[in-house]
Amino acid sequence: MELAKAYDPRSAEESHYKRWEESGFFAPEINQDPDAVRYSIVIPPPNVTGSLHMGHALQHTIMDVLTRWKRMQGFRTLWLPGTDHAGISVQRKVVEQLRKDENKSPLDIGREEFLQRCWAWKEQYGNTITEQMRREGASVDWSRHRFTMDESLSLAVRNVFCTLYEEGWIYRGLRIVNWCPKDKTVLSDLEVKEETRKDGKLTYLKYPIVGMDRTLTVATTRPETMLGDTAVAVNPSDERYKDLVGKTVALPLTDREIPIVADEYVEAGFGTGAVKVTPAHDPNDYLIGERHGLEQLLIMNDDGTMNAAAGAEFDGMDRFAAREKVVAMFDELGLLEKVEDYEITLPICERCKTIVEPILSEQWFVKMDEMRDLALELMRTEGSPHFSPQVPHEKVYTAWLENLKDWTISRQLWWGHQIPAWYDDDGGVYVARSAEEAREKAGGRELRQDSDVLDTWFSSGLWAFSTFGWNGSVTKTDDLTNFLPTDVLVTGRDIIFLWVSRMMMLTKKFVGETAFRDCVITGTVLGKDGKPMSKSRNNGVDPIEMFDKFGVDATRIYLASIATGADIKWNDVGVETYRNFANKIWNATRFTLLNQNAAAAAGGDVASQSLADRWIISRLNRTAIELNKALDRYEFHAAVSLLYHFFWDDFCDWYIELCKDEINAGDAEATERILAILETALRMLHPFMPYLTEELWQKLPGTSSAMHNPAYRNADRSVMLADFPLGDAKLIDEQAENEMSAVIDVIKRVRNIRTEMQISPSIKFDVHIAADDAFQRVFRDNEAQILKLARAEQLVIAAILDVPKASARAVTNDAAVAVPLIGLIDFDKERARLANAIAKLAEEKSRLDAQLSNANFVERAPAEKVDALRTRQAELTSQIETLNNNLEALN
RNA sequence: GCCGUCUUAGCUCAGUGGUAGAGCACUCGCUUCACACGCGAUAGGUCACAAGUUCAAAUCUUGUAGACGGCACCA
């Protein structure tokens, strides 16, 4: 069999995923071992409006690496996929579509019709990401795919809502909330972002005091809200205003008189020391209002325009137009003191960037005190979730929990889980699991259901257990027993509060367990400009383009290589490195198969005598052990580095070169040995580069013997179900590694001489090596390899060097090397080369000398360290002496 | 305002007390029969700065400068 000269990722990608999926390899049921330990991950459900971005690609890579790694180890693994319904995003898209195509509003077509459109939209566009995940090679169990609005998951939402209501953990109340006038819905605190603007204004308004020829000046950044003022507040100990407390002001532009109240909230030193109080439009003013029993006057509509309560002149006017008009009218009345430039921080709707309006509104809330305790308790008693990296996430997570406010869960949308609350005309509220139940409770009264839906995160918060079949009516399923708690959650920093925390609380509350033991928080993949990727910055990198350009495997392993937990700038060159890596492995396999002896089969007897064999087996096992350790610790970058260097440096640069002649000569045993090494190494690499490894592994002869895990005995042959190499510490051979180092060092020294002396690669020369008896034997045993790799004519191995003056020389830790170069050598060059080598060694030695002559060091450092340095010092002394003699001999 | 992170080779980044690393780029040399997406050989860092702890600091402590993140406040 002969492979193409270069690896073409595309063809491998196209052929394997389908077979894996159709063979049921992704489902936990593929594992036939009744005693297999479970391993489970639920995906952070991407939203149905989205398409794959680099953050997904990174997180999916990590989840897939973990899943494939555990699956190969014989765990019964489940990586559960799914999507969330993205209430606001979908609603906005459908509203937009409706407006564009039919020039209609949702109200024009009604709720039922609108929801049908949403479902149609979801069917048409909602599976973009799931299709892209197939390309990624994600080994998710598609048969368990879930959507937050699936019937069972919706039932779970209703039951959870009702239970929490019945237990008093959910309440309905009039509060100041974050209102998005564009989306016309309330937002939770976490959905509101901030934007600092330098062009803000602080406007000073004068309010005339009733019965006095005096005004009171207040400062505001939102002048239009004065139309809703119901008091002015001052600090009770503020001498300037003490006499005014209890009086009233005539609120300009209105016919209202409002009181001046004293409240500790007001800071005398800030602004004018007097604060206009608008209880219906500001959270702090709301609290002042509560303390003083002030009227709550709502002056805005849900679209950000002023309402009739603001006065006839303002009714229907946009809030920003009203702002200008208020200022102009104050100016006309001579009541405008001044307008100052002011840097202001505005609350912005996370999704549509509209300025959020704090507004008094009746909404549903989850009480967070006891909820929070559930999460804090899990952290205290079980250390759950264990964040990786632990610093700083655990601290940020707990700090946030400790200062948690109640969670607004109602949303003024249609797309989502409609709140299971019904109202009668007399203000009665009936929270029930169904309309029938509500009617029963209401005793036949006329009812209408709350028209709002629940925050999408409310249903996502149930994801860890609703996906396994729990819906409140059914509370025990095999999947739940088997797969909850899940082993690890992999997600981004941005949803630790929004999602991670809520899933911890709700899972504890309803199933009594932690949702996941570990939580891997990935860093953010930044654009080339060092900023988070975003459409507005146009600095995004499309994973699909990377797949096309470099291959899925190269993109995956590159992403794993940067998965340290820290933010990292995207770098195409990095992916290219791993594209080259894939090609390197392809060609190493190509070489192995090119000269294949028909009798050879992977997994055969690997017992070997040669140093190179013992060495590569040692390196392989060492790498496997370290690799498993790195993955255990979620150190993906370290895992990749181990694989990269094993394949490229150890296997390709040295092992293949060392046994090349034997292989090319058709030596059956040598071929079997290299096949065995390669086969094991491919298994080790598989979680990171699934397509490449499957493609190549399938081409290796005799690989079915690697499918000896009884858990998969009935499955078709695939590297993804072959044993994952754990490494065997007994096969680590320190002696072989030391001896191989000696051989490699000699070869490198000779190559250095050749290059520095500018001797053509085509010219062969004799190489003399001096070493002690043990190493002489090593060099003799590997004479053929040294001859080949050093491109030497002949090797002379002895206790001491016996060479002509006109020789180039070098030393290693274990040997002295000389190359007689009569007719070739340039004495000046050799002198310079030796001087350079000596200088380097001398520099190291002088550091050691200084350290070892320090009595404090010798006394107080561990004897082991001191001995090691002394040994090194002796080595250096001898090497420098040798080279100095060589240098003198040249003069 | 509070909490936290980062600053290491030209670039992108590893490296948590004991001789500074990788990939790419650069320089030099190679159509060596797996691979030019390659092979071989070099060069390149007072680890942001300062002080401290220690026999020993890129690594621990404190401070300074710069970059950034989260939370709170914002009349």
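Treat the numbers as computed from the prediction; the structure is a model and nothing was measured.
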Does a side-chain N or O from K395(A) land closer than 4.0 Å to OP1 or OP2 of G4(B), or not?
yes

Partner nucleotide, any strand, of C2(B) [Watson-Crick/G-U, under 3.5 Å]:
G70(B)

Can you see if the side chain of N587(A) gets near the phosphate of A36(B) - specifically, an N or O under 4.0 Å from OP1 or OP2?
no

So, is Y558(A) near the phosphate of C24(B), with a side-chain N or O under 4.0 Å from OP1 or OP2?
no

Rounded distance (Å) that lies between atom P of U54(B) and atom CD of Q851(A)
17 Å

Which whole number of Å gives the distance between the C1' atom of G63(B) and that of C24(B)?
37 Å

Strictly by Watson-Crick or wobble contacts shorter than 3.5 Å, is anything paired with U46(B), and which nucleotide is it?
none

K395(A) charged N/C atom sitting above F387(A) aromatic ring, 6.0 Å / 45°
no

In Watson-Crick or G-U wobble terms, both distances under 3.5 Å, what is the partner of G52(B)?
C60(B)

Of N403(A) and H645(A), the one whose nearest nucleotide on RNA chain B sits closer to the 5' end is H645(A)

When the aromatic ring centroids of Y578(A) and F550(A) are compared, is their separation below 6.0 Å?
no

W570(A) vs Y558(A) aromatic rings, parallel, tilted or perpendicular, using cut-offs 30° and 60°?
perpendicular

Any base atoms under 4.0 Å from K840(A), or only sugar-phosphate, or nothing? Heavy atoms, all strands.
sugar-phosphate

When the ring planes of F647(A) and F651(A) are compared, do they come out parallel, tilted or perpendicular, using 30° and 60° as the limits?
perpendicular

Taking U7(B) as the reference, what is the distance to C26(B) when you measure between their C1' atoms (whole Å, please)?
25 Å

R833(A) (side chain) donor-acceptor with R809(A) (main chain) under 3.5 angstrom:
yes

Given RNA chain B, 5'-ward residue of the pair R791(A) and R579(A), judged by closest heavy atom
R791(A)

Which whole number of Å gives the distance between the P atom of U16(B) and that of C3(B)?
27 Å

Output yes when at least one side-chain N/O atom of W654(A) is less than 4.0 Å from OP1 or OP2 of G40(B), else no.
no

Side-chain donor or acceptor of T564(A) paired with backbone N/O of A566(A) under 3.5 Å:
yes

Between T564(A) and A14(B), is there a contact of a side-chain N or O with OP1 or OP2 at under 4.0 Å?
yes

Please check the phosphate of U54(B) (OP1 and OP2 only) for any side-chain N or O of N856(A) closer than 4.0 Å.
no

With a cut-off of less than 4.0 Å, is there a side-chain N or O of H637(A) near OP1 or OP2 of A22(B)?
no

Heavy atoms under 4.0 Å, any strand shown: does V266(A) hit a base, just sugar-phosphate, or nothing?
base

Please determine if a side-chain N or O atom of K584(A) lies less than 4.0 Å away from the OP1 or OP2 oxygen of C35(B).
no

Considering Watson-Crick and G-U wobble pairs with both distances under 3.5 Å, what does A25(B) pair with?
none

Are E843(A) and K840(A) within salt-bridge range, i.e. N to O under 4.0 Å?
no

Searching all strands shown, indicate the nucleotide that pairs with C33(B) (Watson-Crick or G-U wobble; both distances under 3.5 Å).
none

Whether the side chain of K660(A) and the base of A34(B) hold a donor-acceptor pair under 3.5 Å is what I'd like checked.
yes

Check if the side chain of Q758(A) and the base of A41(B) share a donor-acceptor pair of N or O atoms closer than 3.5 Å.
no

Under 4.0 Å, counting only non-hydrogen atoms across every strand here, what does E267(A) touch: a base, just sugar-phosphate, or nothing?
base

Is it the case that the base of C35(B) and the side chain of R590(A) share a donor-acceptor contact (distance under 3.5 Å, atom types as modelled)?
no

Quick one: look up who U7(B) pairs with, Watson-Crick or G-U, both distances under 3.5 Å, and put none if it's unpaired.
A65(B)

In the structure shown, which nucleotide is the Watson-Crick or G-U wobble counterpart of U19(B), with both distances under 3.5 Å?
none

